[in-house]
Enquirer: 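Here it is: the structure, laid out below.
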Amino acid sequence: MRKTLLALLGAAAVLGSIATPAAATTLETREFVGYGSSDFGLALFYARQDAKKKAERAGFTDCEEYSKIVISPYDATVFWRCTR
């Protein structure tokens with residue numbers, strides 16, 4: 001009886017580790033900074049485009065803007081945090 005119980009527990013442990021490989025995956029997080037300047041007041045738009053291009057080149061698609069610095073409509077910086 002005891003050997004059967006130990007065998008069942010061992011099999012459950014093995015199957016549990018095989019059945020849940022997704023739990024072992026980790027997300028990679030990275031930050032990107034975008035800079036923009038414009039004579040027409042579109043600096044924030046250009047800064048966001050710069051950050052988006054940098055993130056996409058690195059293979060990140062899930063991003064959020066967590067901070068921005070708008071000195072004037074003609075100069076801006078954005079900070080993005082991305083995960084994959």
Side-chain angles (χ1 to χ4, degrees):
M1 178 79 168
R2 184 175 172 179
K3 287 183 181 182
T4 306
L5 181 61
L6 288 175
L8 287 174
L9 288 175
V14 169
L15 289 176
S17 65
I18 293 172
T20 58
T25 61
T26 59
L27 290 176
E28 180 182 0
T29 302
R30 193 165 156 195
E31 295 182 0
F32 297 92
V33 180
Y35 303 101
S37 61
S38 170
D39 293 337
F40 303 106
L42 300 172
L44 187 56
F45 174 77
Y46 290 140
R48 287 178 175 148
Q49 290 298 316
D50 184 42
K52 181 180 178 182
K53 286 179 186 176
K54 289 177 181 178
E56 287 176 347
R57 270 185 272 165
F60 290 85
T61 56
D62 184 24
C63 301
E64 69 176 345
E65 184 176 313
Y66 70 90
S67 184
K68 65 183 174 186
I69 301 171
V70 181
I71 297 171
S72 69
Y74 310 108
D75 192 25
T77 304
V78 296
F79 301 91
W80 281 23
R81 185 173 293 125
C82 303
T83 58
R84 65 172 170 185

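The shown structure was predicted, so the numbers you read here are calculated from the model rather than taken from an experiment.
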Enquirer: For F40, does the CZ atom have more than 12 heavy-atom neighbours from other residues, nucleotides or ligands under 6.0 Å away?
Expert: no
Enquirer: Do you know the tightest heavy-atom contact between G36 and D75?
Expert: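 Scanning both residues completely, I find the closest heavy atoms to be O-OD1, 3.4 Å.
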Enquirer: Only pairs at least two apart or in different chains count here, so list each salt bridge (charged side-chain N to carboxylate O under 4.0 Å, His left out) that has a residue in residues 52-63.
Expert: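 Matches after skipping sequence neighbours: D50-K54.
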Enquirer: With sequence neighbours excluded, give me every side chain to side chain donor-acceptor pair (under 3.5 Å) pair touching residues 35-48.
Expert: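 Side chain to side chain donor-acceptor pair (under 3.5 Å) check on residues 35-48 returns R48-E65.
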Enquirer: Calculate, to the nearest 0.5 Å, the distance between atoms CZ and CH2 belonging to F32 and W80 respectively.
Expert: 10.0 Å
Enquirer: Do you reckon I71 sits in the same ILVMFWY cluster as F79, going by side-chain contacts under 4.5 Å, direct or chained?
Expert: yes
Enquirer: Specify the closest pair of heavy atoms between R84 and A58, including all atoms of both residues, with the distance to one decimal.
Expert: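 So the minimum-distance heavy-atom pair works out to NH1-O, 2.9 Å.
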Enquirer: Could you state the interatomic distance from CG (L44) to OG1 (T77), rounded to the nearest 0.5 Å?
Expert: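 Rounded to the nearest 0.5 Å, the CG-OG1 separation comes out at 10.0 Å.
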